[in-house]
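Accompanying notes for the structure given below.
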Amino acid sequence: MNDKVLELQDVVVEYDGRTVLDVRHLWVRRGEVLTLLGENGSGKTTLLRLLGLLIRPSRGRVVFAGEEVDFGNTRRLLELRRRMAAVMQEPLLCRMSVRRNVALGLRFRGEDKHAANDRVETWLERLAISHLGDRPALKLSGGEAQRASLARAMVLNPEVLLLDEPFAALDAPTRQSQLQDFQAVIADSGVTAVYATHDRGEALCLGDRVAVLMQGRVAQVGSAE
């Protein structure tokens, strides 16, 4: 049985004739957390966007759940993207209440209203922001906003969760609290996650495996040990 939910084979991404990402072979196993560790400009965000099927490689193969991705098939591409969710460094919340922000993806997907409401309340409670449900999202603190952003992603029951340095802008105590809660959420849900960070301690703590990026290439990949 193939347990690789995402796989890159001989993938190159070029911008204006310049190679920004060159990955011979990288995969993400179902149910694991793969952390991408590298300095700014190492290619982490580009790699994350490629795994999220948001950019098309200049050459090479991207495989999702055993299916080679056809970037020319817009309808199928959208179907595959809907099986993922993302949390970015900036929460990018909309000008509405926290509860409505968390429900936004479910509304776009036409989910049953009552079932959607139950899932929203579950994740508001799970991430300890139930008391903020009616508050305007743009008035949240940084830590609260990231919890709302994570709830908005997890309420979709994604097969793959992509995270691009989601806690980097937070102060140290808030960041530590968020990381602990994030670990618990991932462990409880069993979701496959790819987590980009420039912090070595964070990468080694969170990742079942760590991929070290340097100048757009995977220099090393393996367990934290």
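Note that the numbering runs from 1 along the sequence shown for the chain.
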Inset, instruction - Please step through salt bridge (charged side-chain N to carboxylate O under 4.0 Å, His left out) for the pair Asp199 and Arg175, ending with a clear verdict. - result: CA-CA 12 Å; Asp199 186 288; Arg175 183 180 181 189; 3.5 Å; yes
Legend entry - Steps toward salt bridge (charged side-chain N to carboxylate O under 4.0 Å, His left out) verdict (Arg99, Asp134): CA-CA 6 Å; Arg99 182 173 285 103; Asp134 295 323; 2.6 Å; yes
Legend entry - Residues Gln176, Gln178; criterion side chain to side chain donor-acceptor pair (under 3.5 Å); working and verdict: CA-CA 5 Å; Gln176 186 60 37; Gln178 298 277 33; over 6 Å; no
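A 4.5 Å side-chain heavy-atom check between Arg49 and Leu47 finds every atom pair outside the cut-off. Side-chain contact between Arg100 and Val102 is absent, with no heavy atoms from C-beta onward closer than 4.5 Å. For the pair Ile55/Tyr15, a side-chain contact is recorded, criterion being any heavy-atom separation below 4.5 Å from C-beta on. Side-chain contact check for Met84 versus Leu6: some heavy-atom pair is nearer than 4.5 Å. Inter-residue side-chain proximity for Trp27 and Val5 is flagged as unmet; no heavy-atom pair is nearer than 4.5 Å. Ile186 places a side-chain heavy atom less than 4.5 Å from the side chain of Val33. With a 4.5 Å cut-off on side-chain heavy atoms, Leu8 and Leu51 count as touching. Side-chain contact between Leu53 and Val69: present, with at least one pair of heavy atoms (C-beta onward) separated by less than 4.5 Å.
Atom CZ of Arg109 sits in a crowded spot, with more than 12 heavy atoms from other residues, nucleotides or ligands closer than 6.0 Å. Residue Met214 qualifies as open at atom CE: its count of foreign heavy atoms under 6.0 Å is 12 or below. Atom CD of Glu90 has 12 or fewer heavy atoms from other residues, nucleotides or ligands within 6.0 Å. Annotation for His131: atom NE2 counts as buried by contact number, over 12 foreign heavy atoms lying within 6.0 Å. By the neighbour-count criterion of 12 heavy atoms within 6.0 Å, atom CD of Glu68 is densely surrounded, having more than that number from other residues, nucleotides or ligands. Residue-environment remark: CZ (Arg217) stays at or below the threshold of 12 foreign heavy atoms within 6.0 Å. Atom CD of Gln215 has 12 or fewer heavy atoms from other residues, nucleotides or ligands within 6.0 Å.
Evaluated for a side chain to side chain contact (heavy atoms under 4.5 Å, CB included) with Leu34, the options Val28, Asp208, Val210 yield exactly one hit, Val28.
At distances below 3.5 Å, not a single donor-acceptor pair connects side-chain atoms of Asn101 with backbone N or O atoms of Leu93. At least one donor-acceptor pair under 3.5 Å links the side chain of Arg147 to the backbone N or O of Leu127. With hydrogens and angles ignored, the 3.5 Å screen pairs a side-chain donor or acceptor of Thr35 with a backbone N or O of Ala203. Panel note: side chain Gln183, backbone Gln180; no donor-acceptor pair is recorded below 3.5 Å. Between the side chain of Gln146 and the main chain of Met88, a donor-acceptor pair closer than 3.5 Å is present.
Heavy atoms only, all atoms of each residue included: Ser149 and Val87 are closest at OG-CG1, 3.7 Å. Taking every heavy atom of both residues into account, Val13 and Pro57 meet most closely at CG2-CA, 4.2 Å. Smallest separation of non-hydrogen atoms from Leu106 and Arg119: CD2-NH2, 3.5 Å. When all heavy atoms of Leu26 and Ala211 are compared, the pair lying nearest together is CD1-CB, 4.3 Å. The shortest non-hydrogen separation linking Val191 to Pro158 is CG2-O, 3.3 Å. Across all non-hydrogen atoms, the minimal contact from Met154 to Leu161 is SD-CD2, 3.8 Å.
Note: Phe182 and Phe167 have perpendicular aromatic rings, judged against thresholds of 30 and 60 degrees for the angle between ring planes.
Arg126 has no carboxylate O lying under 4.0 Å from a charged side-chain N of Asp181, or vice versa, which leaves the two without a salt bridge. Using a 4.0 Å cut-off between charged nitrogen and carboxylate oxygen, Lys4 and Glu7 count as a salt-bridge pair. Between Arg76 and Glu79, at least one side-chain nitrogen of the basic residue sits less than 4.0 Å from a carboxylate oxygen of the acidic one, meeting the salt-bridge criterion.
One side chain, Thr197 or Glu202, offers a donor N or O that lies under 3.5 Å from an acceptor on the other. For the residue pair Asp171/Thr174, the side-chain donor-acceptor check at 3.5 Å is satisfied. Judged by distance alone, the side chains of Thr45 and Asp164 do bring a donor and an acceptor atom under 3.5 Å apart.
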